[in-house]
Amino acid sequence: MMADKKEDIKDLSLPALYAKFKSLNEPAYRAEQVFEWIYKKGAKSFADMTDLPAKVRDYLANKYEISGVSLASMQMSKSDGTCKYLFELRDGETVESVLIPAKDPAGGASRQTICLSSQVGCAYGCYFCASGLAGFKRDLTCGEILAQALAIQSDLFRKGKRITNVVMMGTGEPLSNYDNVIKAVEIMNSPLGLGIGARKITVSTAGHIPGIRRYMQEKEQFELSVSLHAADDKTRSRLMPINNVYLLDKLMSVCREYTKEKGRIITFEYILIRDVNSSTTDAQNLVKLLKNMNCKVNLIPFNAVSDFKFSPPSFKEVKAFQDVLERGGVNSTVRSQRGADIDAACGQLRLREAKKSI
Ligand code: SF4
């Protein structure tokens, strides 16, 4: 059977849709109508867009599709409500997305954070990450990134809730799929898209320096998170092969530049692994590395995955590590392990499903 060649309309930004309707001699507000149908009302077909003239609906249906993802598997944590979705794409590849419900620490309304994938598999091969184990397949399109969000959103709508925060921290290195990721977060941020505030959208990187430089130029105030996981090159290279390309001093220098240029804080992710990077000496090195930087550190005790030889540090070791940071003036939070009773670590569910089919 011939492959369907229709373009995914979700690959079009709002300015691109404005241009499209202009070229069709249709008023600009048609673009806004289409956006609202897809992102606010969850329309699955152009026929649903009843306030568009029939000829416009027909044109769109002939040229475009509104691609979705189908649910291949889902796990929900009994302890904290974290939901892990495995979505199947049109070509049969699968990606993971996570919904993390939480109470607002400031006492406001509850948060519904979604964590989205940017690639099928990952080329970076971090030694503690299940996503890297299965290797890299391909970049996700903008439409496929958005389809993950829309599928979770329709789940939330049924419960009278909505997505409040987005982290591009699932499978893949977002900054090596730069254009698609940025277009997708812009659409999520747009008031006519998902309407999520820029400061509630975080793009995470394993330390892709050219990507951070580009990201610095974005006009929207999206957040940046950098996976650090070690404060010296030897340990970091042992955990993250990307460190052999972008050494720590170069990474830190671009991070400092970022905080100055944007006037924004950077969040550093630091997975604590017993006997690898969680000693008080490691904490002291981290204090030196981050000295006087506008940043905070998320400390994440390693989530034991059967495919890895690493293990989490004890509660006492975590506390001792954090105490050193605090004394050194580095702001940190210990992130509670979410979804501990499901395959919540990045890539675990996809890996488990893939193994079933081998
Ligand atoms: S941690 Fe991120 S960059 Fe590293 S292998 Fe996993 S998905 Fe890729």
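Indexing begins at 1, ligand by ligand and atom by atom, following the structure's order. What you are looking at is a predicted structure, and each value in this text was computed from that prediction instead of being measured. Note that the numbering runs from 1 along the sequence shown for the chain.
- Set against the non-hydrogen atoms of Gly172, the atoms of ligand 1 under 4.0 Å away are 7 (S).
- Contacts classified as ring-ring contact (aromatic ring centres under 6.0 Å, His included) and involving residues 263-298 (residues at least two apart or in different chains) are given here: Tyr270-Phe321.
- No hydrogens or angles considered: a donor-acceptor pair under 3.5 Å links the side chains of Ser67 and Lys10.
- For atom 6 (Fe) of ligand 1, the set of nearby N, O or S atoms under 2.8 Å includes one belonging to Cys129.
- Within ligand 1, counting atoms from 1 as listed, the ones closer than 4.0 Å to a heavy atom of Gly125 are 5 (S).
- With Arg264 as reference, Glu223 is the one residue of Glu218, Glu220, Glu223 to meet the salt bridge (charged side-chain N to carboxylate O under 4.0 Å, His left out) rule.
- Residue contact annotation: Cys126 places no N/O/S atom under 2.8 Å from atom 8 (Fe) of ligand 1.
- Sequence neighbours left out, the pairs with a member in residues 12-33 that pass salt bridge (Lys or Arg N to Asp or Glu O under 4.0 Å) are Glu26-Arg30, Glu26-Lys55.
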